[in-house]
Amino acid sequence: MENRIPVYQDDPDTYMENICSDKVSQNGSENSSVLSGIVSPLIIKWYRENKRILPWRDQNNAYYTWVSEIMLQQTRVEAVKPYFIRFITELPDPAALASCPEKKLMKLWEGLGYYNRVRNMQAAACTVVEEYGGKLPESYEKLMSLKGIGSYTAGAIASIAYGIAVPAVDGNVLRVVSRITESREDIMKQSVRKKMEQTLKEIMPSDCPGDFNQALMELGAVVCVPNGQPKCGECPVQKLCRAHLHDTTEEIPVKAPKKARRIENRTVLVIQDGERTAIQKRPDKGLLAGLYELPNVKGTLSAEEAVKVVEKMKLEPLYIEELEPAKHIFSHIEWRMTGYLIRVSSLETNRNSKLIFADKKQSDRQYAIPAAFGAYVKYMKEETR
DNA sequence: AATACGGGGTC
DNA sequence: GACCCAGTATT
């Protein structure tokens with residue numbers, strides 16, 4: 001505390017020239033003294049002049065902020081844009097989300113991944129309708145209590161939509177602040193994230209917390225980038241960033257190495273009855289919960305074994321052809337798939353109630369089939385005539 | 001504290 | 001191929 005930097009009072013650039021680089025870089029006191037006073041006005045100014053135009057920034061609407069923040073969890077801005085527009089058009093408010101049929105909800109999310117995000121969001125929407133009159137509560141704690149909203153998302157909604165002075169610490173913020181302070185703590189640790197929230201809460205401005213949080217994130221997304229060289233030449237806090245000063249941006253942030261993913265062999269069956277292809281619903285829990293899939297089994301089956309599996313499904317195989325192998329990588333599992341195209345007698349297709357026979361058009365419209373099956377979904381036929 | 005949970009982009 | 005990403009819930 002004895003080394004606290006005086007708070008910013010006039011033009012940030014002049015101010016920085018006057019007090020900063022030498023003094024700040026030399027006394028290696030604690031993080032908050034590096035951050036306090038000066039970083040905040042500099043990055044806020046930069047943010048206001050450089051922020052990207054994004055669909056959810058058009059207007060201040062807590063529901064839009066919520067939807068965008070959930071979509072943006074572990075997902076890039078560019079990927080989210082079209083999903084966001086479609087989602088708020090179809091489901092413009094919490095009440096619409098709360099009453100949306102599951103199938104439609106999954107179609108709206110199809111391809112975004114982490115499908116529990118949207119299930120949790122719908123459960124939270126029900127709570128919002130039932131307990132808060134259809135409007136997201138203006139309280140960090142109440143937001144936190146909603147399904148799918150953790151400390152990051154609660155902080156983002158509270159600060160951006162409601163102007164509440166709470167931090168929103170995501171991967172960008174952890175990276176940016178770790179570099180500015182040249183912290184070598186492992187940012188994967190929950191304890192480090194907690195500490196970061198505490199530090200930021202102390203130094204963030206109370207008059208524009210939303211801009212402050214977004215400035216840190218925007219800086220991380222656009223300038224202080226995660227892979228490749230950070231664009232320090234464009235950075236508003238270049239002169240006081242310790243990692244830049246000491247040329248350690250490549251070492252920071254520090255992250256613990258992650259576990260290798262396990263490999264799983266699977267055999268995918270493209271079962272066709274004339275023009276239609278068999279799909280089925282996945283279990284409600286676990287990987288890709290509640291989505292639709294081409295029937296598939298564990299292991300790499302021979303054609304003979306595949307035929308047996310199809311017979312067990314109470315179908316009558318007429319023809320089988322091996323398809324090209326395919327691979328799909330999840331964050332924690334790698335599927336190595338082999339496929340078979342199997343034609344079955346159409347007389348038998350209604351014996352198995354678990355299977356749905358659909359053409360491509362119908363499944364595009366009604367059934368969410370995750371990208372993992374993409375290599376074999378392409379064998380589905382366009383249209384039943 | 002560790003693990004489950006998608007998918008796409010970049011180097 | 002390895003790594004990354006506007007995280008949260010469960011175990």
Side-chain angles (χ1 to χ4, degrees), chain A residues 47 51-52 54-57 64-84 106 109-121 123-124 143-157 159-160 167-176 186-194 196-197 210 213-222 224-230 250 253 255-264 282-291 293 327-335 368-375:
Chain A
Y47 173 69
K51 66 178 176 185
R52 292 167 292 178
L54 301 173
W56 45 91
R57 285 181 178 161
Y64 291 178
T65 307
W66 181 25
V67 172
S68 68
E69 290 302 341
I70 299 293
M71 286 185 171
L72 286 163
Q73 289 170 9
Q74 309 288 287
T75 309
R76 290 169 186 276
V77 165
E78 287 311 313
V80 165
K81 279 182 186 172
Y83 282 93
F84 174 80
M106 289 305 124
W109 208 264
E110 179 183 17
L112 262 185
Y114 287 127
Y115 297 86
N116 259 339
R117 290 185 293 175
V118 71
R119 294 178 183 285
N120 287 336
M121 189 164 56
L143 288 167
M144 275 286 280
S145 73
L146 293 170
K147 266 221 169 72
I149 297 184
S151 68
Y152 164 72
T153 308
I157 298 172
S159 64
I160 296 170
V169 175
D170 68 350
N172 282 323
V173 176
L174 286 165
R175 181 175 58 259
V176 169
D186 177 2
I187 63 165
M188 297 304 280
K189 284 186 167 170
Q190 274 188 333
S191 58
V192 172
R193 180 171 157 159
K194 270 266 188 300
M196 181 76 71
E197 287 171 349
N213 286 334
Q214 290 183 89
L216 281 174
M217 294 192 271
E218 191 86 351
L219 198 56
V222 177
C224 199
V225 291
N227 34 24
Q229 287 286 118
E250 283 195 65
K255 290 180 125 175
K258 55 182 88 163
K259 232 183 70 175
R261 61 176 69 87
R262 73 170 183 272
I263 294 173
E264 208 174 286
R282 290 180 61 87
D284 293 329
K285 284 192 177 287
L287 187 67
L288 304 171
L291 300 185
E293 65 180 0
K327 184 162 74 175
H328 185 81
I329 298 176
F330 300 92
S331 45
H332 56 305
I333 308 171
E334 177 174 331
W335 276 1
I369 303 178
F373 297 97

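Any value given below was found using the heavy atoms of this structure, including those in side chains, with hydrogens, waters and symmetry copies removed. Lettering of chains follows the sequences in order, A, B, ..., and the numbering in each one begins at 1.
Shown here are the side-chain contact (heavy atoms from CB on, under 4.5 Å) partners of A:Leu291, two or more places apart in sequence or in another chain: A:Met106, A:Tyr115, A:Leu288, A:Ala368, A:Pro370. A:Arg261 pairs by the salt bridge (Lys or Arg N to Asp or Glu O under 4.0 Å) definition with nothing, not counting sequence neighbours. Listed by chain and residue number, nothing satisfies the salt bridge (Lys or Arg N to Asp or Glu O under 4.0 Å) test with A:Lys255 (two or more places apart in sequence, or in another chain). Legend: residues meeting ring pair (Phe, Tyr, Trp, His ring centres under 6.0 Å) with A:Tyr152, ordered by chain and number and at least two apart, are absent. Contacts of A:Arg57 classified as salt bridge (Lys or Arg N to Asp or Glu O under 4.0 Å), with partners at least two apart in sequence or in another chain: A:Glu218. The side-chain hydrogen bond (donor to acceptor under 3.5 Å, both in side chains) test applied to A:Lys189 returns no partner, not counting sequence neighbours. The salt bridge (Lys or Arg N to Asp or Glu O under 4.0 Å) test applied to A:Glu250 returns no partner, not counting sequence neighbours.
Separation of the C1' atoms belonging to B:dC5 and C:dC5 is 14 Å when rounded to the nearest angstrom. If you take atom P in C:dA6 and the same atom in B:dA4, they sit 23 Å apart, rounded to whole Å. Separating the P atom of C:dT11 from that of B:dG6 is a span of 15 Å, rounded to the nearest Å. Comparing B:dG9 with C:dT8, their P atoms sit 24 Å apart, to the nearest whole Å.
Residue A:Arg282 is classed as having no contact, given no heavy-atom separation below 4.0 Å to the nucleic acid. Here A:Lys189 lies out of heavy-atom contact (under 4.0 Å) with every strand. Nucleic acid contact for A:Ser68: none, since no nucleic acid atom lies under 4.0 Å from a heavy atom of the residue. Residue contacts for A:Arg175: at a heavy-atom cut-off of 4.0 Å it reaches the sugar-phosphate backbone alone, with no base atom in range.
Nearest-nucleotide positions on DNA chain C place A:Arg52 closer to the 5' end than the other of A:Arg52 and A:Gln190. With the nearest nucleotide of DNA chain C identified for both A:Glu334 and A:Lys258, A:Glu334 has the one nearer the 5' end.
Ring centroid separation for the pair A:Tyr83 and A:Trp109 does not come in under the 6.0 Å cut-off.
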As a quick check of understanding, evaluate side chain to side chain contact (heavy atoms under 4.5 Å, CB included) for A:Trp56 and A:Val77, giving each step before the final call. CA-CA 11 Å; A:Trp56 45 91; A:Val77 165; 4.2 Å; yes
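Bounding nucleotides for the chain A contact on DNA chain C, 5' to 3', at a heavy-atom distance below 4.0 Å, are C:dG1 to C:dA9.
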Letter per nucleotide, 5' to 3', of nucleotides 4-11 of chain B [B base touched, S only sugar-phosphate touched, - untouched; heavy atoms, 4.0 Å]: SBBBBB--
